Protein chains: 2
Amino acid sequence: MFSKVPQRNPSVRVNQWVYSSLCQLILDGEFVPGVSITLRGIADSLEVSPMPVREAVTRLISEGALDVSEHNRISVSVMNQSKFDEILYARLQLEPKIASQSLKLIDRKKIKQLDEIDKQLDLYLETGNIEGYIKYNRLFHFGIYQSANSPVIFPMINSLWLQFSPFMRVVAGIVGTNTIHDYHKAALNAIIGQNHKALYDAIHNDISEGMGLLNDSIVN
Amino acid sequence: MFSKVPQRNPSVRVNQWVYSSLCQLILDGEFVPGVSITLRGIADSLEVSPMPVREAVTRLISEGALDVSEHNRISVSVMNQSKFDEILYARLQLEPKIASQSLKLIDRKKIKQLDEIDKQLDLYLETGNIEGYIKYNRLFHFGIYQSANSPVIFPMINSLWLQFSPFMRVVAGIVGTNTIHDYHKAALNAIIGQNHKALYDAIHNDISEGMGLLNDSIVN
DNA sequence: TATTACAAAATGTGATCACAAAAAATAAAC
DNA sequence: GTTTATTTTTTGTGATCACATTTTGTAATA
């Protein structure tokens with residue numbers, strides 16, 4: 001049923017594969033906010049037994065990506081104003097800090113990767129490719145964050161992205177790509193120049209402006 | 001096996017009871033860092049089948065309270081310097097903010113509760129009762145945070161406490177209660193006076209000083 | 001057409017079994 | 001006594017079944 005699920009690798013456990021597959025689907029915006037999810041439905045779609053799905057879904061619920069509604073039914077989380085405000089606050093407190101923390105660990109090879117991601121991203125922006133933009137924007141941010149080697153805050157950031165991604169996908173489809181202006185170039189220059197404050201500010205501004213575009217689309 | 005587990009309530013599901021029981025045991029410091037955990041062992045101790053334990057443990061792993069070591073063995077998370085630094089940073093960014101956010105929602109009845117909690121806490125400090133201190137310190141903090149009605153940041157704070165609680169219990173047993181000085185009185189006065197900044201600062205100072213006592217005891 | 005009553009299917013939860021891999025325990029050899 | 005080899009037990013994982021509850025589908029009634 002799901003079109004773009006990563007291929008099964010026999011060396012990786014089924015539960016982990018299911019979890020990362022669901023993560024990717026959520027982050028890519030394949031899950032529409034509010035839509036109902038069933039364990040057996042996902043199990044059939046991924047062609048696995050319900051058991052590893054239960055484990056993955058339990059995790060995603062605890063990370064806020066999925067919601068347990070009345071009568072223990074599972075659904076994709078819906079955005080509201082207070083959730084959005086807190087996600088924005090937490091992102092602004094955690095992501096610039098981790099970016100800055102990763103600064104000294106980013107080598108030349110990584111910089112080249114980030115540069116290529118950003119070039120691809122600009123291409124998607126020009127052609128109005130929302131899916132491409134969302135995916136490569138995430139690759140850019142997490143490309144930086146992953147270098148930080150952060151044991152506590154990185155999982156928290158991951159959880160935050162899982163929470164707003166379904167909402168972002170819907171909204172981005174409405175506002176389109178032409179109003180988006182990111183601070184990736186500033187971030188890249190800051191990385192190259194090893195300027196902590198400039199990188200911190202670039203990520204901060206990127207989040208502020210990006211989330212600002214989404215704010216108007218919240219319905220309670 | 002576990003002595004102080006909350007009583008089973010037939011109206012609440014087994015998985016939720018197991019999860020909250022394990023949470024309480026962890027927060028109260030009953031789980032020693034590094035100790036191995038087995039699904040069947042916990043299931044036998046709580047006199048339930050392994051199934052709901054699997055669910056609870058999966059959640060606790062994703063919240064950072066438990067760790068998956070090599071060969072998929074489960075153990076209580078061990079503290080190290082980088083984890084500690086990030087937990088401290090995240091607590092300082094999130095907890096004062098949520099406390100401040102809860103300020104206008106705390107009514108007279110809640111203030112009375114907090115005051116009684118703090119009185120009991122002082123008693124435990126005088127008599128050197130570590131377990132009592134840890135429990136009532138948590139009751140005080142979460143008594144405030146819960147009033148904030150926070151959908152995103154509150155769960156993050158909960159996860160942070162689950163991560164450092166096992167470590168704190170061990171260290172607190174070493175340093176003792178006589179060196180502890182909290183800012184709960186300042187926090188209470190700030191709440192009564194509806195002073196946002198004073199409450200923010202009180203919680204900030206409380207975390208800084210409390211965690212400062214723990215910092216020296218980290219072994220890598 | 002709209003509403004109600006009933007039957008059928010679906011859903012999360014809990015329990016149990018099977019299995020491969022890893023620990024732990026025991027026996028054998030030097 | 002110490003090390004090596006072998007057996008036994010334990011452990012997480014995945015699959016399957018049973019069950020109460022809820023939802024959905026269908027037919028009957030007005």
Side-chain angles (χ1 to χ4, degrees), chain A residues 1-2 5-23 25-26 31-32 34-78, chain B residues 1-2 5-23 25-26 31-32 34-78:
Chain A
M1 184 186 183
F2 298 127
V5 189
Q7 206 189 343
R8 269 298 311 281
N9 182 342
S11 74
V12 70
R13 287 246 170 238
V14 182
N15 55 4
Q16 195 184 327
W17 175 77
V18 171
Y19 173 73
S20 56
S21 296
L22 291 179
C23 273
L25 288 167
I26 290 171
F31 279 20
V32 179
V35 160
S36 287
I37 296 295
T38 65
L39 299 178
R40 289 173 178 86
I42 293 179
D44 290 346
S45 299
L46 296 180
E47 293 177 324
V48 296
S49 92
M51 201 57 231
V53 178
R54 270 168 87 168
E55 221 170 292
V57 166
T58 300
R59 245 184 106 174
L60 289 166
I61 290 170
S62 91
E63 292 174 327
L66 301 178
D67 254 358
V68 178
S69 55
E70 56 179 357
H71 304 307
N72 299 329
R73 287 303 195 281
I74 306 157
S75 57
V76 182
S77 297
V78 174
Chain B
M1 184 184 183
F2 297 127
V5 193
Q7 208 188 342
R8 269 296 314 280
N9 182 341
S11 72
V12 69
R13 287 246 168 237
V14 181
N15 55 2
Q16 194 183 329
W17 175 76
V18 171
Y19 173 73
S20 56
S21 296
L22 291 180
C23 273
L25 287 167
I26 291 171
F31 279 19
V32 179
V35 159
S36 286
I37 296 296
T38 66
L39 299 178
R40 290 174 178 87
I42 294 179
D44 290 345
S45 299
L46 296 181
E47 294 177 322
V48 296
S49 91
M51 202 55 231
V53 178
R54 270 168 86 167
E55 219 170 295
V57 166
T58 299
R59 243 183 107 173
L60 288 167
I61 290 169
S62 91
E63 292 174 325
L66 301 179
D67 253 358
V68 178
S69 56
E70 55 178 358
H71 304 307
N72 299 330
R73 288 300 195 281
I74 307 157
S75 57
V76 182
S77 296
V78 174

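Quick note on labels: first sequence line is chain A, next is B, and so on, each numbered from 1. These numbers come from a predicted model, not from an experiment.
For B:Asn72 and D:dT10, the CG to C1' distance is 14 Å, given to the nearest whole Å. A straight line from CG of B:Leu39 to P of C:dA23 spans 15 Å, rounded to a whole angstrom. Distance A:Met51 CE to C:dA18 P: 17 Å, rounded to the nearest Å. For B:Asp44 and D:dT10, the CG to P distance is 11 Å, given to the nearest whole Å. Rounded to a whole Å, the CZ atom of A:Arg73 is 6 Å from the C1' atom of D:dT23. Taking atom CH2 on B:Trp17 and atom P on C:dT13, their separation rounds to 17 Å, with Å as the unit. If you measure from atom CD of B:Glu55 to atom C1' of D:dG14, you get 15 Å, rounded to the nearest angstrom.
No donor-acceptor distance shorter than 3.5 angstrom exists from the side chain of A:Asp67 to the backbone of A:Ser69, with no hydrogens or angles considered. Put simply, the side chain of A:Ser75 never gets that close to the backbone of A:Gly34: no donor and acceptor are under 3.5 Å apart. Formation of a donor-acceptor pair under 3.5 Å by the A:Trp17 side chain with backbone atoms of A:Pro10 is not found in this model. Panel note: side chain B:Ser77, backbone B:Gly64; a donor-acceptor pair is recorded below 3.5 Å.
For A:Pro50, the side-chain atoms get nearest to D:dT16 when compared with the rest of D:dG14, C:dT13, D:dT16. Picking from C:dG14, D:dT13, C:dT13 the nucleotide with the shortest atom distance to the side chain of B:Ser49 gives C:dG14. Relative to the side chain of B:Thr38, the nucleotides C:dG14, D:dG12, D:dA15 differ in distance, and D:dG12 lies closest.
Position along DNA chain D of the nearest nucleotide to B:Ile37 versus B:Arg13 favours B:Ile37 as the more 5'-ward residue. Nearest-nucleotide positions on DNA chain C for B:Glu70 and B:Pro52 put B:Pro52 closer to the 5' end.
Residue B:Asn15 places at least one side-chain N or O closer than 4.0 Å to OP1 or OP2 of C:dG14. In terms of phosphate contacts, A:His71 brings no side-chain nitrogen or oxygen within less than 4.0 Å of OP1 or OP2 of D:dT21.
The base of C:dG14 sits with one of its N or O atoms less than 3.5 Å from a complementary donor or acceptor on the side chain of A:Arg54.
The residue B:Arg40 sits close to a base: some heavy atom pair falls under 4.0 Å.
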